[in-house]
Amino acid sequence: MASVLVVHRHSLERLGLRMLLASQPDLTVVGEATSGAEAVRMSAALGPDVVLMDSLVIDTDGVDVIRRISRPPTLLPVPAPARAAEHRPRVLVLTPTDHERHAYTALRAGAGGFLPQDATPEELTAAVRIVAAGDAVTTPGLTRALIDTVRHERTVGSLERETELGALTRRERDVLTAVAAGWSNTEIATRLSISPTTVKSHVSRILTKIGARARVQAVVFAYESGLVRPAA
């Protein structure tokens with residue numbers, strides 16, 4: 001069962017989201033928060049699998065809230081295997097369909113995905129399950145807008161991204177290019193003549209090397225670094 005922390009400024013919206021999620025046999029709501037600061041505190045205390053957050057909260061408290069939830073600080077250096085084993089909540093942001101720049105910023109900060117605020121109940125519950133399982137959620141329209149935003153933002157921090165890209169092996173670059181193209185692990189395995197298990201291992205190493213938490217952030221990296229060029 002996936003646990004969810006609901007974060008929304010408006011009580012009626014929080015109630016509606018709680019009732020929807022609680023109606024699902026495999027989802028449970030462990031708490032509600034009304035602000036970004038409260039969400040950070042409750043996330044640390046409750047350890048939910050998913051933090052379902054309305055973008056209004058981010059407007060109020062800043063995208064740093066997402067970073068603090070999805071990338072909690074450690075006081076001492078932690079070996080990579082131990083870091084991978086840490087439980088870190090994944091943030092799913094509900095955002096207006098005309099606020100693509102906000103979605104881009106949220107994903108860069110570590111969000112596990114974003115969903116339009118007018119999503120259907122079925123789409124929302126499915127998105128929570130996907131994010132809880134460790135994958136990412138976007139929609140075709142927002143993904144296109146995201147890529148357009150990356151095209152205009154690429155010059156910011158591009159040198160750092162290119163340096164990180166240099167740490168990837170040739171095979172890892174091939175896999176990342178395929179991920180950015182939207183291929184599944186099975187499709188990548190078939191096209192590159194490797195096993196799905198090997199693809200999964202490559203993806204895991206890529207995420208570690210570029211400091212990403214999910215595939216959608218790897219896609220952003222692929223465009224920012226110049227590995228993949230947006231279509232004109």
Asks: Using ring pair (Phe, Tyr, Trp, His ring centres under 6.0 Å) as the criterion, list what pairs up with His202, not counting sequence neighbours.
Replies: none
Asks: Hey, is the main chain of Asp49 close enough, under 3.5 Å, to the side chain of Ser3 for a donor-acceptor pair?
Replies: yes
Asks: Is there a side-chain contact between Val4 and Thr28, using heavy atoms and a 4.5 Å cut-off?
Replies: no
Asks: Is a donor on one side and an acceptor on the other found under 3.5 Å between the side chain of Ser204 and the backbone of Lys200?
Replies: no
Asks: Any sub-3.5 Å donor-acceptor pair from Ser70's side-chain atoms to Ile66's backbone N or O?
Replies: yes
Asks: Please check if the side chain of Arg68 supplies one atom and the backbone of Val40 the other of a donor-acceptor pair under 3.5 Å.
Replies: no
Asks: State whether the side chain of Glu187 and the backbone N or O of Ser184 hold a donor-acceptor pair below 3.5 Å, judged by distance alone.
Replies: yes
Asks: Which is it for Arg18 and Glu32 under the salt bridge (charged side-chain N to carboxylate O under 4.0 Å, His left out) test, yes or no, and what are the steps along the way?
Replies: CA-CA 8 Å; Arg18 172 183 277 276; Glu32 299 176 15; 2.4 Å; yes
Asks: Tell me, do Leu21 and Val128 make a side-chain contact under 4.5 Å, heavy atoms counted?
Replies: yes
Asks: Is it true that a side-chain atom of Glu38 and a backbone atom of Thr34 form a donor plus acceptor pair closer than 3.5 Å?
Replies: yes
Asks: Among His10, Gln117, Arg9, exactly one meets side chain to side chain donor-acceptor pair (under 3.5 Å) together with Asp54. Which residue is that?
Replies: Gln117
Asks: Which pairs, with at least one residue in residues 20-29 and sequence neighbours excluded, count as a salt bridge (charged side-chain N to carboxylate O under 4.0 Å, His left out)?
Replies: Asp26-Arg129
Asks: For residues Leu5 and Leu52, determine if any side-chain heavy atom of one lies less than 4.5 Å from a side-chain heavy atom of the other.
Replies: no
Asks: Answer whether the closest heavy-atom distance between the side chains of Val175 and Ile206 falls below 4.5 Å.
Replies: yes
